[in-house]
Protein chains: 2
Amino acid sequence: MDDSADVKAPEAHDGAAPLRRLALFEVVAEQLREMVLEGELLPGSRISEKRLCESFEVSRTPLREALKVLANEGLVELLPNRGAKVTEVDPREVADLFEVMVELEALSGQLLAQRAGDAQIEELRALHRQMLEHYRRQERVEYFRLNQRIHRRLAEISGNGVLLELETALNLKITRARYAANMQLGRWDESAREHEAILEALERRDGEALARAMRDHMRKTGDAVLEGLAAR
Amino acid sequence: MDDSADVKAPEAHDGAAPLRRLALFEVVAEQLREMVLEGELLPGSRISEKRLCESFEVSRTPLREALKVLANEGLVELLPNRGAKVTEVDPREVADLFEVMVELEALSGQLLAQRAGDAQIEELRALHRQMLEHYRRQERVEYFRLNQRIHRRLAEISGNGVLLELETALNLKITRARYAANMQLGRWDESAREHEAILEALERRDGEALARAMRDHMRKTGDAVLEGLAAR
DNA sequence: ATACTGTATTTTGAATTCAAAATTCAAAGC
DNA sequence: GCTTTGAATTTTGAATTCAAAATACAGTAT
């Protein structure tokens, strides 16, 4: 309607153009997701459709579609005839979350030991080194980003698409719990050591040890987050 | 010709009755889900919004909302500006699915051994006996239903809400794969024996054995389904 | 003053409308 | 004969409209 920059793919006659202009509701969903994750929309608060529509400058239709997506991700709750509210961070649920995530990580570990190629292990080692460098320089945001990226890459390389999807979905909620607990990046040193153990086990292709290391890492992360939540 | 009476009545167990009239899009989503699961809408087929709107006698708005729900469940794919199509049953993905499900079941087993109360174990034993009775009488549909119910009950009693949700979600896709492979109820006898082993381990509260039994059961189910898929 | 009831306002749910993109199909050009 | 081009049609995306439900509020009765 106005000067908004259209996101469109450059007209390429060349085949592989996987980049599609995403639907409005997807853009809105992404924005909303970020707002919920980072606590800009407070847990438990009611969501006024009208207000959000105005702030996003979209009509209610795409906003409501986006809310349905977020609802399926568990970030908002839809109360019939009563609008939507941001889901509360329930320590009990977070505990459950980690209980499951620990096992998923263990599975990732086993699969990784079987399936990771040499090049991929080197890639991970490089990312790891890079992360340690951020650690050394105390660059928190970059460290956190790389940490997330490494975990995602591990899930990708494990070669199980369903596992990757689940870890991504659960990681959403975990990230939110971290924010809620002001714990985005606690346990630097410990965490770095655990990562080292993971890399070593992977390089030895020791499935048992790798599963144990990843399980251990996730369990300790969970304990820290839960502790942070309790201390609010 | 069909049974459209089963739309509501989620009302069941414990105290606080959250009785609510469900939104139109939820009803539509439930119907669609069933149609996809049972193969009434063929994998890979494009979904015409107009046609479905007419058959459901609703406008496009709730139908589109329902499609978004199904898309998040992985039963349909949304192609921007090109409508929706029913997701194909990919044997590779089904294999991944079971690979994950096996671990979730193992976790269920461990938790069950720790947390199941005597009354709940008795309840499960009763359900098991009832299922065997259906087996004896060769009542396939009832057997299958009870089988599903027992698995769900096991997940519930394991006391981890996240685990329950994930198992429910994955079970959706597994059910679809079974239909696709014409395998809704293969392996009667074998399956019944495996269930017996599960119950026994649970009654002994032997977490290790229970995890092993449930893992084993799910793994064999997966093998059978994959075999069925390959033989299409 | 408090609790209750009926009414007005707001908010949500669903249908309809309008615009933009894709698909179809036929004709023109090579 | 085959491919390409460009309207006409269909289908999807998003805004708007209309209806129903919930909330807020005022007045009344106890």
Side-chain angles (χ1 to χ4, degrees), chain A residues 1-32 41 44-72 75-87, chain B residues 4 7-8 10 16-32 41-42 44-72 75-87:
Chain A
M1 55 180 71
D2 47 24
D3 57 330
S4 57
D6 272 359
V7 185
K8 54 178 57 175
E11 193 53 45
H13 38 287
D14 196 36
L19 203 46
R20 28 167 279 245
R21 176 171 154 255
L22 16 78
L24 191 48
F25 82 89
E26 292 176 289
V27 180
V28 174
E30 178 56 36
Q31 296 259 356
L32 267 179
L41 290 174
S45 67
R46 276 276 295 278
I47 291 177
S48 157
E49 289 186 4
K50 193 150 74 84
R51 207 159 54 76
L52 275 182
C53 282
E54 285 162 4
S55 94
F56 284 139
E57 294 186 319
V58 298
S59 77
R60 282 176 55 216
T61 309
L63 175 69
R64 295 177 103 262
E65 291 176 341
L67 282 175
K68 260 161 205 77
V69 173
L70 278 271
N72 272 22
L75 298 182
V76 307
E77 253 171 310
L78 262 33
L79 324 187
N81 293 320
R82 213 168 306 174
K85 68 169 216 180
V86 182
T87 310
Chain B
S4 46
V7 176
K8 50 185 55 177
L19 185 55
R20 45 172 261 251
R21 172 176 154 259
L22 20 76
L24 191 46
F25 82 90
E26 293 177 290
V27 179
V28 173
E30 178 56 34
Q31 297 261 352
L32 266 179
L41 290 174
L42 295 184
S45 66
R46 277 275 298 278
I47 291 177
S48 158
E49 290 186 3
K50 193 150 73 82
R51 207 161 53 77
L52 273 183
C53 283
E54 286 162 5
S55 96
F56 285 141
E57 296 186 315
V58 299
S59 78
R60 282 176 55 219
T61 309
L63 175 69
R64 293 172 107 276
E65 291 175 341
L67 282 175
K68 262 162 202 76
V69 174
L70 278 270
N72 271 24
L75 298 182
V76 307
E77 254 170 311
L78 260 33
L79 324 186
N81 293 319
R82 213 167 306 171
K85 69 168 213 180
V86 181
T87 311

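Heavy atoms only: backbone and side chains are in, while hydrogens, waters and symmetry mates are out. Reminder, nothing fancy here: chain letters follow the sequence lines and each chain counts from 1.
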Separation between CD (A:Glu49) and CZ (A:Arg64), nearest 0.5 Å, reads 5.0 Å
B:Lys50 atom NZ is separated from D:dG13 atom P, nearest whole Å, by 16 Å
B:Arg51 atom CZ is separated from D:dT12 atom C1', nearest whole Å, by 16 Å
A:Arg64 CZ to C:dT11 C1', in whole Å, measures 10 Å
When rounded to whole Å, the NZ to P distance for the pair A:Lys68 and C:dG13 reads 7 Å
*asked:* Taking any heavy-atom pair under 4.0 Å as a contact, classify B:Leu67: base, sugar-phosphate, or nothing.
replied: nothing
**Asked** Could a donor-acceptor pair under 3.5 angstrom be found where the side chain of A:Arg60 meets the base of C:dG13?
**Response** yes
**Item:** Distance test, side-chain N/O of B:Thr61 to OP1/OP2 of C:dA14, below 4.0 Å
**Value:** no
Exercise for the section: Look at all strands and tell whether B:Glu49 reaches a base, only sugar-phosphate, or nothing, counting heavy atoms closer than 4.0 Å. Expected result: sugar-phosphate
The residue, A:Ser59 or A:Arg82, whose nearest nucleotide of DNA chain D is more 5′ is A:Ser59
Exactly one candidate in B:Leu63, B:Leu75, B:Val76 meets side chain to side chain contact (heavy atoms under 4.5 Å, CB included) with B:Leu32; the answer is B:Leu63
Whole-Å distance, B:Ile47 CD1 to D:dG13 C1', equals 17 Å
Remember a base hit wins even if backbone is also touched, and classify A:Leu63 as base, sugar-phosphate or nothing at under 4.0 Å, heavy atoms. nothing
note: B:Leu79, atom CG; D:dT11, atom P; distance rounded to Å ~ 15 Å
Rounded to whole Å, the CG-P distance (B:Asn81 to C:dA19) equals 17 Å
When rounded to the nearest 0.5 Å, the distance separating CD1 of A:Ile47 from CD of A:Glu77 is 10.5 Å
Between the CG atom in B:Asn72 and the CG atom in A:Leu70, the distance rounded to the nearest 0.5 Å is 9.5 Å
